[in-house]
2 protein chains.
Amino acid sequence: MSETKRIFIAVVGVGGVGKAFLGQLEQLRERLQKQDPPLELRLVLVRRSNKQILQKDWKALDIPKVLAQLDSSNERCPPFEEVLDHLTKAPSKVILVDNTSSEALATTYPSILQKGISIITPNKKAFSSTHDLWTSIFSSAANPTPFPSQTRETAGYIFHESTVGAGLPVLSTLADLLATGDQITKIEGVFSGTMSFLFNAVMPSLSPSEGGTFSAEVAKAKSLGYTEPDPRDDLNGLDVARKLTILARLVGLPISSPTAFPVQSLIPKELESCSSGDEFMQKLPDYDSRMTELKTAAAKEGKLLRFVGSIDVASEKVQVGLEKFEPSHPIAALKGSDNIINFYTKRYGSNPLIVQGAGAGAEVTAMGVTADLLRVIRLLH
Amino acid sequence: MSETKRIFIAVVGVGGVGKAFLGQLEQLRERLQKQDPPLELRLVLVRRSNKQILQKDWKALDIPKVLAQLDSSNERCPPFEEVLDHLTKAPSKVILVDNTSSEALATTYPSILQKGISIITPNKKAFSSTHDLWTSIFSSAANPTPFPSQTRETAGYIFHESTVGAGLPVLSTLADLLATGDQITKIEGVFSGTMSFLFNAVMPSLSPSEGGTFSAEVAKAKSLGYTEPDPRDDLNGLDVARKLTILARLVGLPISSPTAFPVQSLIPKELESCSSGDEFMQKLPDYDSRMTELKTAAAKEGKLLRFVGSIDVASEKVQVGLEKFEPSHPIAALKGSDNIINFYTKRYGSNPLIVQGAGAGAEVTAMGVTADLLRVIRLLH
């Protein structure tokens, strides 16, 4: 009972989520090595855009020191294929943790999986780009989707819980609903922490005196770090559209791309051509009256404006944009920058199964990745 | 790639949940046998209190016909140990599905697990009775709790998602939070569909004219089938206390029993000695003024009454009873007979991770059991 099993971990991307993941990995490593029988999680690669540390001799990197080591390292970044070639020669199973948002890396997932390397990632690109890439990934992986029980044992596993709602149990819940034979009729929710914050601030209640102007709240969200560096990357709705694409595909709809269905952009048409985010922020107040009009119209109906995504499964209708909700509706009653996901299913009837909570942030996003790591570990053992 | 793997399924208890489970099992069986490589789920035992069908030759029972077959069968029920002895000789792995609420069966879980038989169950008894039984179960199982990665491969696995919140992802979410290293500070929620229905009906809003009397709503809940045959079995709070015991133990608190912490009973003291549920229901209206007083007092504070359970981890304080919430609080805003579970954790900060939806009913309870079946299948493969 005392032979140590070993799994090699390769981390690409050490931004906010990557750093938080390394912290959680170290905690998990300490715990699993004390198990009987022990399991060793051995970090053998850390790579960012311009630098990497790859342990060619498979010796363990010291996780708490690895970021400082990477800063002071002079190891150039070879093409990733070279690194992969090396990883395929590892004397134990390898799990690649893609903490980037790189589309280029995402397109190589099928070949990585075919090499027997498992992937866990919060990177939405692989799952929300072309439908061909989606099909290629899940026909390469050891776990087809929906995930009933594992097959294709020589391939790698792939999990991506954090691509929707960060660490919230969204994809795992959907997978359980589908795998146990429930029928999803509709999925609806607030899938962006930024949009959640904005509309909870712009229209907290039906009272016209409450809530800031749209531009003021965008500026506030930006200053709090709740938006991308250029807020247009949130306001164009594409982030939400990518998440809806992933959910719709898991339900079985063959969505060709995140622009294949109606997505409402909150960027005024006149500002689409702004050359910079700063110029955009400067001119945005000129268009506040538009949102104020929408707000007033919604209030007249006794409803609050919220930016939501929805998938109607029977009609195969996917859409992203502003909708109106009674103040008592769970979507309208959301707080802060929380996400909420409502699963309407045959079994659950008129009241949906709801998952709610923080849907962004380094620690909770990393938590989804760490939960995926445990899923793969259980399957590989 | 074409050798068929096989898992034997033994079902004990064929009431509402058991019947719904058999329906879901048949659906899953059909799907898994079409997989490549196929996996055969073979039903070899169906047993209820007075009858059983055990396939001594290990031939598959025809799931859609098995209940009629059981009705017309004359096979006596031997002691369960005899059945177990036979199951340990099965030529493939066996999963026992305990759809009963039998405490006697629950106490034998450790020996069943030690024989290499896995258990999935919505039966709360095993996990909410003595702490010794709890310890004995998880020291016998292949998966210790919290569940990091599997060990003890010769023992059986045990999963019990449906013991709290039926099919809602409550225990799996808690397991992920713990296994990824988050710190749970508090768990609070409405854990009983009956109590949820009752208080949403007794006090739907702050308006004194809305809401029925306590006794009238209990009678209504009973006629709708939302209570146990004797409503006192819901009103005594013990069902909620059992669920809280399970959650608290998973968090690491050594709760000795479901009566080891304060549990408020809604049965008037004077009616505790009623000899029957009917007598109780007849006399309950005499005590309505007590609930009406509590309701009025809560309304004066601008709050709604709800029957909740909570676990404060730092102070190790567990309690079950009436609490007051602002109408906008997610616990007060609950609809119908839904459950809601709020996980307050270090990572999620001031806004909890929330899981909400139907927490009772045959199909959703069976769904939790079927999801557990898939978990075991993945681990056994």
Side-chain angles (χ1 to χ4, degrees), chain A residues 1 23-24 27-28 31-32 35-37 39 144 147-153 161 167-169 172-173 176-177 179-182 327-328 330 333 335-338 340 343 346-358 361 363-364 366-371 373-375 377-379 381, chain B residues 1 23-24 27-28 31-32 35-37 39 144 147-153 161 167-169 172-173 176-177 179-182 327-328 330 333 335-338 340 343 346-358 361 363-364 366-371 373-375 377-379 381:
Chain A
M1 288 289 278
Q24 294 180 22
Q27 239 191 324
L28 185 64
R31 194 151 53 81
L32 296 188
Q35 257 188 188
D36 180 23
L39 173 69
F147 180 49
S149 72
Q150 80 285 9
T151 59
R152 305 193 200 101
E153 290 178 9
E161 180 66 77
L168 294 175
S172 57
T173 297
D176 275 356
L177 288 166
T180 61
D182 203 355
S328 67
K335 296 273 192 310
S337 58
D338 278 4
I340 183 169
F343 294 102
K346 191 177 167 201
R347 280 189 202 134
Y348 278 90
S350 55
N351 287 359
L353 189 170
I354 301 177
V355 176
Q356 180 181 331
E363 282 294 337
V364 295
M367 174 193 145
V369 180
T370 307
L373 175 60
L374 283 160
R375 281 182 195 105
I377 289 172
R378 282 172 207 142
L379 291 166
H381 55 272
Chain B
M1 289 288 276
Q24 294 180 22
Q27 239 191 327
L28 185 63
R31 193 151 55 80
L32 296 187
Q35 258 190 186
D36 181 22
L39 174 69
F147 181 50
S149 71
Q150 81 285 10
T151 58
R152 306 192 201 103
E153 290 178 10
E161 179 66 77
L168 294 174
S172 56
T173 297
D176 275 356
L177 288 166
T180 61
D182 202 355
S328 66
K335 295 273 193 307
S337 58
D338 278 5
I340 184 169
F343 295 103
K346 191 176 168 203
R347 280 188 202 135
Y348 278 89
S350 55
N351 288 358
L353 189 170
I354 300 177
V355 176
Q356 180 181 330
E363 282 293 336
V364 296
M367 174 192 144
V369 180
T370 307
L373 176 60
L374 283 160
R375 281 183 194 105
I377 290 173
R378 281 172 207 140
L379 292 166
H381 57 272

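Heavy atoms only: backbone and side chains are in, while hydrogens, waters and symmetry mates are out. Convention: sequence-line order gives letters A, B, ...; per-chain numbering from 1.
What you find for A:Lys346 and A:Asp182 is that their closest heavy atoms are N-OD1, 3.5 Å. A pairwise comparison of heavy atoms in B:Gly357 and B:Leu168 identifies O-CD1, 3.5 Å as the closest pair. Pairing each heavy atom of B:Pro169 with each of A:Thr173, the nearest pair is CG-OG1, 3.3 Å.
Side-chain atoms of A:Arg31 come within 3.5 Å of backbone N or O of B:Ala179 as a donor-acceptor pair.
When heavy atoms are compared at a cutoff of 4.5 Å, A:Pro352 approaches chain B solely by way of its backbone atoms N, CA, C and O. Using a 4.5 Å cut-off between heavy atoms, A:Glu363 contacts chain B through both its backbone and its side chain. Residue B:Leu177 touches chain A through both its backbone and its side chain, counting heavy-atom pairs closer than 4.5 Å.
Residue with the most contacts toward chain B among A:Ser172, A:Ala366, A:Pro327, A:Gly181: A:Gly181 (heavy-atom pairs, distance under 4.5 Å). When A:Gln27, A:Met367, A:Arg375 are compared by the number of non-hydrogen pairs under 4.5 Å with chain B, A:Met367 comes out ahead.
A distance of 9.5 Å separates CD1 of B:Ile377 from OG1 of B:Thr370, quoted to the nearest 0.5 Å.
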